[in-house]
Amino acid sequence: MARMFGIELVFAAVRERATFLEAASSLTEHPVSAIAVLADDDSVVGIFGNDRLIHGLFPVYLVELHHTAFATDDPAVLLRCASEAAAEPVNAHMSTPTNLDIDDSAMHVAEVILHEEHDALPVCKNGKFVGMLGRSEFGNAMLLRSQEASG
């Protein structure tokens with residue numbers, strides 16, 4: 001297992017030929033909120049997170065709504081959305097990744113995390129995926145580092 005800043009990275013990923021259902025299953029099996037989508041050469045081509053999971057399971061019009069008081073839960077609609085998404089390729093649901101490099105400085109990682117929408121980011125070594133770094137794990141590691149430095 002790869003480590004970064006003393007944190008054991010979570011190897012959470014699917015291949016780009018995976019389906020939405022396979023990616024969703026992998027996501028729910030790991031303790032991170034996003035997984036990497038990998039090409040055959042282990043490079044990261046996308047990221048599939050909790051936001052993409054919800055987008056796939058519910059009607060697309062919900063993204064545009066700001067109030068759903070008029071909408072009722074319709075199990076048939078929800079089942080149809082989930083069934084349609086299940087077999088779709090994960091690349092139809094992934095977002096563009098912001099990759100970290102295993103040798104990045106803490107300052108650089110903090111800057112990327114502060115501007116990134118996902119709570120977990122792919123980490124690569126020599127362009128190959130080695131694991132996911134969670135935002136809270138990084139924050140905890142930096143807090144511990146500062147406490148150790150102060151005394």
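Everything numeric in this text was worked out from a predicted model, so none of it was measured. Heavy-atom basis, side chains included; hydrogens, waters and symmetry copies ignored.
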Path from I113 to F5 over hydrophobic side-chain contacts below 4.5 Å: yes

Got a second to check how far L133's CG is from D119's CG, nearest 0.5 Å? 11.0 Å

Any side-chain heavy atom of E16 within less than 4.5 Å of one from L38? no

Do the non-hydrogen side-chain atoms of S83 and R80 ever get within less than 4.5 Å of each other? no

In the structure I gave you, are the side-chain heavy atoms of I47 and M132 within less than 4.5 Å of one another anywhere? yes

Any side-chain heavy atom of V14 within less than 4.5 Å of one from F48? no

Can you find a heavy atom in the side chain of D40 that is under 4.5 Å from one in the side chain of R17? yes

Search all heavy atoms of A85 against all heavy atoms of G56 and return the closest pair with its distance. CB-O, 3.3 Å

Nearest non-hydrogen partners of Q147 and S150, listed with the distance: O-OG, 3.1 Å

Same hydrophobic cluster for V130 and V109, using side-chain heavy-atom links shorter than 4.5 Å among ILVMFWY? yes

Taking atom CZ of F20 and atom NE2 of H55, what is their separation to the nearest 0.5 Å? 10.5 Å

May I ask you to decide if P89's main-chain N or O and H93's side chain share a donor-acceptor pair within less than 3.5 Å? no

Taking CE in M1 as the centre, count heavy atoms belonging to other residues, nucleotides or ligands within less than 6.0 Å. Is the count above 12? yes

Which pair of heavy atoms, one from P122 and one from P97, lies closest together, and at what distance? CG-CB, 4.4 Å

Going by heavy atoms in the side chains, are M94 and V45 under 4.5 Å from each other? yes

Find the distance between OG (S136) and CD1 (I7) and round it off to the nearest 0.5 Å. 9.0 Å

Linking I/L/V/M/F/W/Y whenever their side-chain heavy atoms sit closer than 4.5 Å, directly or via other members, would I35 and I102 fall into one cluster? no

Heavy-atom side-chain contact between V123 and D101 under 4.5 Å: no

Just checking, is any N or O donor in the side chain of H118 or S95 under 3.5 Å from an acceptor N or O on the other one? yes

D41, CG: over 12 other non-hydrogen atoms inside 6.0 angstrom: yes

Say whether L100 and L9 are linked into one hydrophobic cluster, either directly or through other cluster members, by side-chain heavy-atom distances under 4.5 angstrom. yes

For a 4.5 angstrom cut-off between non-hydrogen side-chain atoms, does R135 reach L121? no

Give a yes or no on whether the backbone of A39 and the side-chain of S43 come within a donor-acceptor separation of less than 3.5 Å. no

Nearest heavy-atom contact between F138 and A106 is CZ-O, 3.5 Å

Rounded to the nearest 0.5 Å, what's the gap from CZ on R52 to CG on N50? Could you check? 11.5 Å

Is the count of non-hydrogen atoms from other residues, nucleotides or ligands lying under 6.0 Å from K125 atom NZ greater than 12? no

Return the CD to CD distance between E111 and E116, rounded to the nearest 0.5 Å. 10.5 Å

What about F11 and V32, same hydrophobic cluster or not, with Ile/Leu/Val/Met/Phe/Trp/Tyr joined at side-chain heavy-atom distances under 4.5 Å? yes

Salt bridge (charged side-chain N to carboxylate O under 4.0 Å, His left out) with D103: which residues, sequence neighbours excluded? none

From E22 CD over to T19 OG1, what is the distance, rounded to the nearest 0.5 angstrom? 3.5 Å

State plainly whether the residues D42 and R15 are in salt-bridge range, i.e. N to O under 4.0 Å. yes

